[in-house]
Amino acid sequence: MIELLPLVIALPLAGAVFLHFFGRRIGEPASGWIATLAIGAAFVVGLVNAVPAFTGELHHAEHVAIWDWMPAIGASLEIQWDALSVLMTLVVTGVGTLIHVFAIGYMHGDPRFSRFFTYLNLFAASMLTLVLAGNFAMLFMGWELVGLCSYLLISFWYTKPSAAAAGKKAFVVNRIGDFGFMVALMLIFLNFGTLSYGGVFERAGEVLTTGTAVAIGLLLLVGAAGKSAQVPLYVWLPDAMEGPTPVSALIHAATMVTAGVYVVSRAAAIFELAPAAGYAVATVGAVTALWAATIAIGQSDIKKVLAYSTVSQLGYMFLAAGLGGYVAAVFHLMTHAFFKALLFLGSGSVIHGMADEQDMRKMGGLRKHMPTTAATMGVATLAIAGIPPLAGFWSKDEILGVAFEGGTYGQVLWVVGLITAMLTAFYMTRQWVMVFMGEPRWDDGVHPHESPRVMTIPLVILAVLSVVGGLVNTPFRLGLEHFLHPAFEGIDLAHPSEEMSVFAILAAVSVLAGVAGIAVGYLVYNRPPARWTKFQEGFGGLWTAWEQAYRVDDIYGATIVKPGKRLADAAAFKFDLPVIDGLVNGAGWLVRTVGSKLRVVQTGLVRNYGVLFVAGVLAAVIWMVVAGGGV
Amino acid sequence: MTVTPGWYMTLAAVLFAIGLLGILVRRNALIMFMCVELMLNAVNLTFVAAGRALGLIDGQVSVFFVLVVAAAEVVIGLAIIVAVFRQRSSASVDELSGLSG
């Protein structure tokens, strides 16, 4: 069956191509169902091929060659099928299918309905290229393609200036990361002479010096930080919320932004040789987790909260991966995909029901009108807050456990993670309470209603996954660990302590932090808005800073964007226009001037030409006679 | 009185001058064309006369080449003149100044 694997990429790609040409004719909702069918079929193909991985028969990575692209540098189109790509494929296609279904309801009535699903399918194909790649060249191809799809979908409503600007911002910021990533690939090629995973990771130990490994690791981190929205390159993700909500769920929460975590996990063999790079990854992750969590507290836009929450949770994954806890990172990646996709889709359902209102201060009391959305989002809120036995608890606890075992520095990061966990519980509760509890604060003319089945059923499925998804890897039964083990063969994985007492104490502490966050959030925000303000004023300037996201955009604007623009202006108007254009135009001017002077000679009268011809011959003859035949 | 090669050269020069003058002063394309032929044949005469005087065959060989080229030239030149005449009902070259600068 493994020969069928290329279909996993080909099916969504075929869907995209088909919808590109015929989508408009097929219309709504058929084009949505075709797209769903394409990615659903990809999920089935992936699932069938995943069976050997589940039964433990997939000991070594299987390879399926599609096309010998550039064999000399180990860059062919080939699929690497090992535990890590199995898991990523199932998450991408599984969650992707649910989001496709949801989008059929959410995008109802949009004039570019079928175009939306073209892009969604194209994105799925690109993301699957990324995770199924068997070498860095194909990985990079997928890496760039998902960036393109992200851009297309963020600025899907391109007539809105803010959406167009957000798409551009995402693209430009990602370029900065891609630059680092590309240099990393060049360094890898320089050292190994090949880009294939096998050729690189198996020989990493003998080829790389510590210095080179650190360099490659840090450059990979730059690329991963761009794609996975880590400090300092996270600024594009909150703006990416300008895209339709299913896009936020699929690309900017569940799948694409985890590409950075995936790459770090994939390159585990390199990071193992470079502890310094690993610590850099962990530090970036911890800083991002705390930084974004504080910003999320102050947001009042329902999607902005989730955006910063995503940044923060991605920081968690980096924290774990940096300390060698790749299983913990991938585990959290998976559970996060479930509950964050659910949260985004739920917020989409709310926005849909509230006639495109996104300000949580104008919501409230929605649980009576949208019971399914309220219940499922409640589950996701508890899951992300780390309440046992929901999915988020197990994965977050594993990350915190890894950090706690990681020496003194790890324990510092553990404290950061714990504070973040508490903040996460607080802002998520704040969001849920502001939206679903209390008195209605709607604008006039808003009639909230529950979304149609096509939207609520994906919510329910994701809610179930958010509840049970964590049970695949508990300290009592390390299912995911065994499952992923072949993919990390020879890697010294970091684990949480195996002592049950340590686990119990750590779990108790983190649950306590979560409960504290939930309690504060509930007690403060389940009251009239006047009390919120009082609570918020208690933080003074700090709250304003959170509300304004530390004004990072302004700082970047003043320090990077503005000088950059000035440089571009100078290059364009001081150099390009006078010098380069001057040269080009000067050449044209010269020819034109000389031509206009000479063209009077061209009278069009044959006899004139004849006279000139004879005169020329005479001149030549005279000259030859005078020169005495010296020619 | 013997006819020396100088006579032939003089005759050729005269014919050449007549041809050249004709090209420069006439505007009928057909006449100009005949003048070109005259010039070509003046040159042929010099070739043959010089070849005979020097006892070499080269002069006559050159003439053959000129004749072949002249025949080709006549075919194309006359075709052009006929085409122009059909277009304009006149063979005056002064009217053909559409490509002037």
Taking atom [atom1] of [X] as the centre, report whether more than 12 heavy atoms of other residues, nucleotides or ligands fall under 6.0 Å from it.
X	atom1	value
B/Tyr8	OH	no
A/Tyr609	OH	yes
A/Lys160	NZ	yes
A/Tyr151	OH	no

Inset, instruction - Would you check, one step at a time, whether the test side chain to side chain contact (heavy atoms under 4.5 Å, CB included) holds for A/Val606 with B/Met32? - result: CA-CA 10 Å; A/Val606 177; B/Met32 289 172 77; 4.0 Å; yes

Legend entry - Closest non-hydrogen atom pair between B/Leu20 and A/Val614, with its separation: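 Nearest heavy atoms, B/Leu20 then A/Val614: CD1-CG2, 3.3 Å.
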
Inset, instruction - Heavy atoms only: give me the nearest B/Arg26-A/Arg607 pair and the separation to one decimal. - result: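 What the structure gives for the nearest pair is O-CD, 3.0 Å.
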
Legend entry - Structural part of B/Ile23 lying under 4.5 Å from a heavy atom of chain A: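 Only the backbone of B/Ile23 comes within 4.5 Å of chain A.
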
